[in-house]
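Note that this is a predicted model, so its numbers are computed, not measured. We count residues from 1, following the sequence as given.
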Amino acid sequence: MEAVTRLRPFGVVDRERELGAVADFLDALAARPAVLLLEGDAGIGKTTLWQAAVDQARRRRFRVLTARPAAAETQLAYASLADLLAPVENAVLKALPEPQRRALDAVLLRDATAVATDRRAIGAALLSVLERLAAAAPVLLAIDDLQWVDSSSAAAIEFATRRLSARVGLLAALRSAEPGPSPGPLQLDTTRHVRVGPLDRKIVHSMLRERLGRSFPRPVLERIHQISGGNPFHALELARGVGTDGEAEGQVPLPASLAHLVRDRIDGVPAGVRQVLLAAATLAEPTVGLLQLAASADPAEGERLLELAETGGLLRVDGRRVQPIPCWPRASTPTRRRRNGAQCTAGSPRS
């Protein structure tokens, strides 16, 4: 279990089985192609495990290419593939055969005259890029929220992955509501499925104490665990609604449904922040600049409202891009805007 211990990041708890599968996957990837799919309900902890694997791969000096698509991007052709290939060096792309290079120029919007219509050329180009990169170090394609990968990117990734012989792996997190393996956008016979399950009561208690800085009486804790089903995101949201009066009486004020829980949370934020959230949810590609403009004609006020949305855990800012997906920070740590790869915690609905 030494590999599992090295892999464990802050915030990953009670995940020995899942961490073991991730460690085995990375060990195998050092020698041959491998595919690992982390599946589970929204908020169950998939993103945390996915991020742990990405961090460990980087510590092992693997070449890591990531994509974190959002629901609004499912209709954008090759959006996820462009995210994966964005950091690849120009020298690697220029060395491709002309049809493949032009195909990727179109995907990456580098050539206004090129059109990304030849799916075979795009898949072959991706395969060539991965094999060239793998000659120097193992390569990890890491995709969070696989269910939101656009169909054109999924086809190219599937084409390349089926033909891999180099040290290239695919790690993906997939939101699924039903027990058992879910195919998602990619159909690969070699995929290992790992179901990320609920946390037990003791682990939920430790998590709540760590994230919220408070403990709960046993009857309250058991009620939270029962209603949340061991889902860390749901447990955190329920626990946030428990006041000291509810703790003293051993009762938990419950919403009628998760929709009511979310509605109550949104209703509690200022109107300007709700305007930011509305714009983020409706824009295909929300950016910091667009959301600040949508929030207020005053740049300073727009910046303030966007900061409130982020520090309140309602948006994630990654560089200049923004995703309208709650990322719930630890209560004990002030949230700072993270411009280079913000991360969701185990209690995030993205996980």
Using the side chain to side chain contact (heavy atoms under 4.5 Å, CB included) definition, which of the options Arg209, Arg214, Met207 pairs with Arg211? Met207
Does any non-hydrogen side-chain atom of [Y] lie less than 4.5 Å from one of [X]?
X	Y	answer
Ile224	Gln226	no
Glu18	Val22	no
Leu104	Val129	yes
Gln147	Thr74	no
Phe216	Glu222	no
Leu130	Leu164	yes
His205	Ser215	yes
Arg110	Leu93	yes

Would you give the length of the straight line joining atom [atom1] of [X] to atom [atom2] of [Y], rounded to the nearest 0.5 angstrom?
X	Y	atom1	atom2	result
Phe62	Gln56	CZ	CD	8.5 Å
Ser80	Glu73	OG	CD	6.5 Å
Leu19	Glu16	CG	CD	6.5 Å
Leu140	Leu170	CG	CG	8.0 Å
Leu208	Glu210	CG	CD	10.0 Å
Arg163	Leu126	CZ	CG	11.5 Å

Are the side chain of [X] and the backbone of [Y] linked by a donor-acceptor contact shorter than 3.5 Å?
X	Y	result
Arg132	Ala95	yes
Ser206	Lys202	yes
His193	Leu36	no
Thr161	Ile157	yes
Asp144	Trp50	no
Arg195	Leu38	no
Asp118	Arg120	yes

Taking it one step at a time, do Leu171 and Leu141 satisfy side-chain contact (heavy atoms from CB on, under 4.5 Å)? CA-CA 6 Å; Leu171 169 72; Leu141 293 178; over 6 Å; no
Do Ser152 and Asp150 meet the criterion of a side-chain donor-acceptor pair at a distance under 3.5 Å? yes
Let's go through Leu305 and Gln292 carefully: what are the C-alpha distance in whole Å and the side-chain angles of both, what is the deciding distance for side-chain contact (heavy atoms from CB on, under 4.5 Å) to 0.1 Å, and is it a yes or a no? CA-CA 8 Å; Leu305 292 172; Gln292 289 176 351; over 6 Å; no
In terms of heavy-atom contacts, does CD of Gln75 have more than 12 from other residues, nucleotides or ligands at under 6.0 Å? no
Which atom pair, heavy atoms only, marks the closest approach of [X] to [Y]?
X	Y	answer
Ala53	Leu26	O-CD1, 4.0 Å
Ala160	Leu127	O-CD1, 3.6 Å
Asp111	Arg102	OD2-NH1, 3.4 Å
Pro87	Leu65	CG-CD2, 3.9 Å
Asp83	Ala67	CB-CB, 4.0 Å
Ala239	Leu212	CB-CD1, 3.6 Å

Salt bridge or not between [X] and [Y]? Use side-chain N to carboxylate O under 4.0 Å.
X	Y	answer
Glu301	Arg304	yes
Asp41	Arg175	no
Glu131	Arg63	no
Lys94	Asp105	no

From CA spacing to verdict: side-chain contact (heavy atoms from CB on, under 4.5 Å), Leu37, Val194: CA-CA 6 Å; Leu37 184 62; Val194 173; over 6 Å; no
Please say whether the positively charged group of Arg162, taken as NZ for Lys or CZ for Arg, lies over the ring of Phe159, i.e. under 6.0 angstrom from the six-membered ring centre and within 45 degrees of the axis. no
